[in-house]
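Data block below; observations after.
Computed over heavy atoms, backbone and side chain alike; hydrogens, waters and symmetry mates excluded.
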Amino acid sequence: QLQLVESGGGLVQPGGSLRLSCAASGLTLDHYAIGWFRQAPGKDREGVSCISTSDGSTYYTDSVKGRFTISRDNAKNAVYLQMNSLKPEDTAVYYCAAGPLVTTVQAMCVILPAKRFGSWGQGTQVTVSS
């Protein structure tokens, strides 16, 4: 059974950086999409960024383009989210999720991700505040 564990969240000042890690165990992630999603209090869950473990293709939501970078290390079965120039509106619980790659990475991330991603981590809190 696939298990995902996030780490790297915390409290950071505006303009700061954090690097989130998602470690997968129980299954080798061949031909998978790995996604980072976030949910702030009172808001719907949002797809932040997704990556294909096959060809490395990526998707970013508009609000994080140029600030966040998703990457993968297939040898370690891990995915990372480097977050730079953080803003207070980035404050949320961030979740890592994995699902078989059945369509484009963007579609996986944006269209019905709750159905496309069958495995979810427990989440890690990111707070951006001065």
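Annotation for Val126 and Gly9: closest pair CG2-CA, 4.1 Å, computed over non-hydrogen atoms. The two atoms that bring Arg38 and Ser63 nearest to each other are NH2-OG, 3.3 Å, heavy atoms only. Of all heavy-atom pairs between Met108 and Ala33, the closest is CE-CB, 3.7 Å. Residue Ser130 comes nearest to Pro14 through the heavy atom pair N-CD, 3.7 Å, listed as atom of the first residue, atom of the second, then distance. Here the closest heavy-atom approach between residue Gly35 and residue Cys50 is recorded as CA-SG, 3.6 Å. Closest non-hydrogen pair, Ser49 versus Cys109, comes out as C-SG, 3.7 Å.
One distance of note links CD of Gln106 with OH of Tyr60; it measures 13.0 Å at 0.5 Å rounding. Rounding to the nearest 0.5 angstrom, the gap separating the CD atom in Glu6 from the SG atom in Cys22 is 6.0 Å. For the atom pair NZ of Lys43 and CD of Glu89, the computed distance is 8.0 Å after rounding to the nearest 0.5 Å. To the nearest 0.5 Å, the span separating CG on Leu20 from SG on Cys96 amounts to 9.5 Å.
Clustering ILVMFWY residues whenever any of their side-chain heavy atoms sit less than 4.5 angstrom apart, transitively, puts Ile70 in the very cluster that holds Leu18. Cluster annotation: Tyr32 is not connected to Leu101 through the hydrophobic network of ILVMFWY side chains, with a link wherever side-chain heavy atoms come within less than 4.5 Å. One hydrophobic cluster, built from ILVMFWY side chains closer than 4.5 Å, holds both Val64 and Met83. Linking ILVMFWY side-chain heavy atoms closer than 4.5 Å, directly or via other members, places Val102 and Trp120 in a single hydrophobic cluster.
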**Request:** With side chain to side chain contact (heavy atoms under 4.5 Å, CB included) as the test, would you mind laying out the steps for Arg72 and Ile34 before giving the verdict?
**Result:** CA-CA 9 Å; Arg72 76 196 196 283; Ile34 310 297; over 6 Å; no
**Message:** Is there a side chain to side chain contact (heavy atoms under 4.5 Å, CB included) between Leu2 and Leu29? Walk through the geometry before answering.
**Reply:** CA-CA 9 Å; Leu2 178 61; Leu29 299 176; 3.9 Å; yes
**Asked** Please walk me through it: do Val12 and Thr127 pass side chain to side chain contact (heavy atoms under 4.5 Å, CB included)?
**Response** CA-CA 6 Å; Val12 63; Thr127 302; over 6 Å; no
**Ser119/Gln3 under side chain to side chain contact (heavy atoms under 4.5 Å, CB included): CA gap, chis, key distance, verdict** = CA-CA 7 Å; Ser119 299; Gln3 291 186 323; over 6 Å; no
**Request:** Evaluate the criterion side-chain hydrogen bond (donor to acceptor under 3.5 Å, both in side chains) for residue pair Asp55 and Ser57; output intermediate values, then yes/no.
**Result:** CA-CA 6 Å; Asp55 62 7; Ser57 57; 2.8 Å; yes
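In this structure the side chain of Gln1 never reaches within 4.5 angstrom of the side chain of Leu27, judged on heavy atoms. Using a 4.5 Å heavy-atom cutoff, the side chains of Ser17 and Gln82 are in contact. Looking only at side-chain heavy atoms (C-beta outward), Ile51 and Val105 stay at 4.5 Å or farther from each other. Looking at Leu81 and Thr69, their side chains never come closer than 4.5 Å, going by heavy atoms from C-beta outward.
Cluster partners of Tyr80: none. The rule joins Ile, Leu, Val, Met, Phe, Trp and Tyr whenever side-chain heavy atoms lie under 4.5 Å apart, and it links nothing here.
Remark: side-chain polar atoms of Thr28 are not paired, donor with acceptor, to backbone N or O of Asp30 under 3.5 angstrom. Of the possible polar contacts, none joining the Asn84 side chain to the Phe68 backbone as a donor-acceptor pair under 3.5 Å is found.
In this pair, Phe37 and Phe117 present their aromatic rings perpendicular. The plane angle is above 60°, beyond the 30 to 60° band.
With respect to Lys87 and Asp90, no salt bridge is recorded, no charged nitrogen being found less than 4.0 Å from a carboxylate O.
Cation-pi geometry between Arg45 and Trp36 is not met: the NZ or CZ atom fails to fall both under 6.0 Å from the ring centre and inside 45° of the normal.
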